[in-house]
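Report on one structure; see the data block that follows.
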Amino acid sequence: MKLRIIFILLIYLIMCSACIYLVDLNDESTASYSDDDFEWTVPTPSSNSRIVYVSTTYGSDEGDVYVYEDMESTDVFYPEGTINAFNTFESAYACLRDGYADYLLFRRGDTFTESIELDKWGPSGSERFVVGAFYYNPDNEAEANNSPLFETGAEKGIYSYSKGIRNIYILGLNFYANTRDPDNADYTGLEVYDDGDTGVFGSSGFGFSNSIDDYDCENITVEGCKFSYYGGNSVSLAYDCTGTITVDFRRCVILNSYTTTEGSHAQGFWGFQAQINMDECIMDHNGWQGEADSGDPGEATIFNHNTYFAGCYDSTFENCIFTRGSSMNNKWTGYPGTEDSSPNIVMNNNFYMGGEIAIQVGGNYSDYYGEYRFKDLEITNCVVQDAGWENPLGRTLGWGFYLEGMNSGSVRNNVIFFRNVDQTLTNSYGVYLKDGYSKELIIDSNIFSSNTDGPALFYADENDGEETDEIAITKNIWNATNTIDQINYLGRFYSDREYSFAGNWWFTPRTENEFLIDNSPYQKADWLLNYEPTATFGEESYLFPDESRTVETYMGEIGETESKEAFLEVIRSQDRYNWNTDISANKINNWIREGYVDS
């Protein structure tokens, strides 16, 4: 069958060259970022704000409550003079008020063994309740330059349920489920639950929810915090609640979430019906502790990921680093049974490495979750390196983007490449388009390059049900270096679907049967005649400016050990008070992109 093609016959595409294409990728739509744009939040108290300090080193049962206008120091985070601190969260928190811009500050360098339950808020977005850290009389300079450490064992880290969290800053705290870390002497190992099951006891690192109808939970910022080895982390709106919840996460680090209970799930970050924005966050090794079938507690499963957001809306992941999810790094699905249930999702300038799939949008059952769930979705300026590397499930998957259920969206200016990945990744795609339930989708000006022996860089697999309309694949570079499989696998296309291919660069060493359409080999000449007369073909690998650029070579560029393992060690050690700005999605992506796009 022939596709119904909308031909876009522009002169510059007919006369296109690699040089023109690279200029196009460098237009104003391709953003360049600077870490200098990031500023740590340092709020200023109101004149009547109460300030309480907590220290396990200097504190006592009866600390003092300070009023900001009466304090010797104007900077409450670096207090001067004598500070009489409390020694526990509970005793200090009892002295603060709901509805005021009060401050609860923990000493940097101290270790606490308490969870933090929140039920007090500031009066407005400009006058927020603050939970943060202070610097005072350091006994050890190195320790005092790190965040306060909360060793909460199997208990929760910081949380607020049901009351309507709002108008709050949570700044510079490190939460660590120490009894769940197999490398910690405090590790408890497998224990017996009340129902007889065995597992490693664990709760959430952070948990914020709203279950109050017609009530909006907003002005919630979590910045420079760290959460390690918990049973998961979550922000959610109650199932049928008419309120909202909006949370901003900035430069937070989430590591090693896992569950040991059969049938349960642990995400690095679970979001449900919420507006969640992440800026410069780091997520590594979430959803698993041991590899699948290893017998270790917390085996990897297909249900666990770095992030899993369902029914979320108006949400943005920007300038973040996502590595080694149990299965996926970002998974998005819709609210059950609702069209356009997840509008305005943006993933911009993130760096992805490892795990089976960098980004999956859609999936699950369309008859339950809805067919056209994602309206105005954007995946832009991201870099995906080596999907399928450090794959704890041991399957053959290594996918860049999986897309299903689009009701308008764009995938633009991304770089997806596979280098030195295990050659057993036979199920390896740059883009997997499950497009029986998609429309008005643009895949434009991306670079896909692979030296693996996977089947294809582009794969489309249609369902028999709904029509697929206005899918445009334009001005992309598709570069494959193997001859084993086709560069483009267009499976089960239908003649009534509206696809347009225009101005793409297809590079493959195959000299025949370059494409596979409806499971039949297809020749380059036929492709040019019937589908894309503006295509450019090459039998040699595309000549990029510097294809050797990877996160490993970036590490060498900044004077670090040139390896993935060294990179992971550095991102896992990031702390608000010791933040290495060289290790950022901004700088990594700019470095790698320069190897693929002429400046």
Side-chain angles (χ1 to χ4, degrees), residues 177 180-183 205 226-233 252-259 265-270 278 280-294 296-309 317 320-331 347 350-360 382-402 416-422 424-425 427-428 452 550-552 554-555 561 563-574 583-585 588-589 592:
R180 289 170 49 82
D181 179 358
D183 294 327
K226 193 169 188 176
F227 304 89
S228 308
Y229 288 95
Y230 285 94
N233 305 280
C252 289
V253 180
I254 301 174
L255 311 171
N256 291 90
S257 299
Y258 71 96
T259 183
H265 307 312
Q267 316 302 333
F269 194 160
W270 158 257
M278 293 203 294
E280 292 204 32
C281 291
I282 295 169
M283 302 193 67
D284 175 55
H285 204 292
N286 287 296
W288 62 291
Q289 179 55 38
E291 294 185 354
D293 301 321
S294 65
D296 296 329
E299 288 184 3
T301 77
I302 62 173
F303 304 107
N304 298 334
H305 317 290
N306 264 324
T307 66
Y308 189 158
F309 282 14
F317 294 177
C320 296
I321 295 173
F322 299 99
T323 57
R324 301 191 298 173
S326 172
S327 176
M328 306 174 199
N329 283 307
N330 298 157
K331 176 175 173 61
M347 286 159 280
N350 302 311
F351 176 75
Y352 299 86
M353 185 175 70
E356 291 187 318
I357 304 174
I359 299 172
Q360 175 169 317
C382 293
V383 172
V384 179
Q385 175 178 336
D386 297 342
W389 174 78
E390 191 78 9
N391 181 345
L393 287 169
R395 300 194 297 179
T396 62
L397 273 66
W399 299 358
F401 304 148
Y402 175 109
I416 300 177
F417 67 97
F418 300 84
R419 292 289 173 270
N420 304 316
V421 179
D422 188 340
T424 62
L425 294 176
N427 193 346
S428 177
T452 70
T550 62
V551 75
E552 298 98 303
Y554 174 78
M555 290 290 285
T561 302
S563 70
K564 287 186 175 78
E565 291 72 21
F567 167 69
L568 294 171
E569 183 178 350
V570 174
I571 65 172
R572 293 172 64 87
S573 66
Q574 292 280 54
I583 305 298
S584 70
I588 295 165
N589 286 0
I592 291 175

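This structure is a prediction, so every number in the text was calculated from the model and none was measured.
- Taking CG of Asn306 as the start and CD1 of Ile282 as the end, the distance is 11.5 Å to the nearest 0.5 Å.
- Using a 4.5 Å cut-off on side-chain heavy atoms (C-beta onward), Arg395 and Glu356 make contact.
- No side-chain donor-acceptor contact under 3.5 Å links Trp399 to the backbone of Gln360.
- Under 3.5 Å, the side chains of Asn256 and Arg572 contain a donor-acceptor pair of N or O atoms.
- Defined by atom type and a distance below 3.5 Å, a donor-acceptor pair is missing between the side-chain atoms of Glu552 and Ser563.
- Within a 6.0 Å radius of CD in Glu569, other residues, nucleotides and ligands contribute 12 heavy atoms or fewer.
- The CD1 atom of Ile254 lies 9.5 Å from the OG atom of Ser228; values are rounded to the nearest 0.5 Å.
- In this structure, Tyr230 OH and Arg180 CZ are separated by 9.5 Å, a value rounded to the nearest 0.5 Å.
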Legend entry - Pair Phe309-Phe269, side chain to side chain contact (heavy atoms under 4.5 Å, CB included): steps then yes or no: CA-CA 8 Å; Phe309 282 14; Phe269 194 160; 3.7 Å; yes
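- The CZ atom of Phe317 sits 9.0 Å away from the SG atom of Cys281 when rounded to the nearest 0.5 Å.
- Put simply, the side chain of Asn391 never gets that close to the backbone of Gly355: no donor and acceptor are under 3.5 Å apart.
- Side-chain polar atoms of Asn304 and Ser326 form no donor-acceptor pair below 3.5 angstrom.
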Inset, instruction - Just do the side chain to side chain contact (heavy atoms under 4.5 Å, CB included) check on Lys331 and Ile359 with the steps written out, would you? - result: CA-CA 6 Å; Lys331 176 175 173 61; Ile359 299 172; over 6 Å; no
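- Aromatic ring centres of Phe567 and Tyr554: separated by at least 6.0 Å.
- The aromatic rings of Phe322 and Tyr352 lie parallel to each other, with less than 30° between the two planes, well short of the 60° mark.
- Rounding to the nearest 0.5 Å gives a distance of 6.5 Å between NZ of Lys226 and OG of Ser573.
- With hydrogens and angles disregarded, no donor-acceptor distance shorter than 3.5 Å links the side chain of Gln267 to the backbone of Gly232.
- No donor-acceptor pair closer than 3.5 Å links the side chain of Asn329 to the backbone N or O of Thr307.
- Distance check, rounded to the nearest 0.5 Å: CD1 of Ile571 to CG of Leu255 gives 7.5 Å.
- The closest side-chain heavy-atom distance from Trp270 to His265 is not below 4.5 Å.
- Of all heavy-atom pairs between Ser327 and Ile302, the closest is CB-O, 3.9 Å.
- For Glu299 (side chain) and Leu393 (main-chain N/O), no donor-acceptor pair under 3.5 Å exists by modelled atom type.
- The backbone N or O of Gly205 lies less than 3.5 Å from a partner atom in the side chain of Asn233, making a donor-acceptor pair.
- Taking the six-membered ring for Trp and thresholds of 30 and 60 degrees, Tyr258 and Tyr229 have ring planes more than 60 degrees apart, a perpendicular arrangement.
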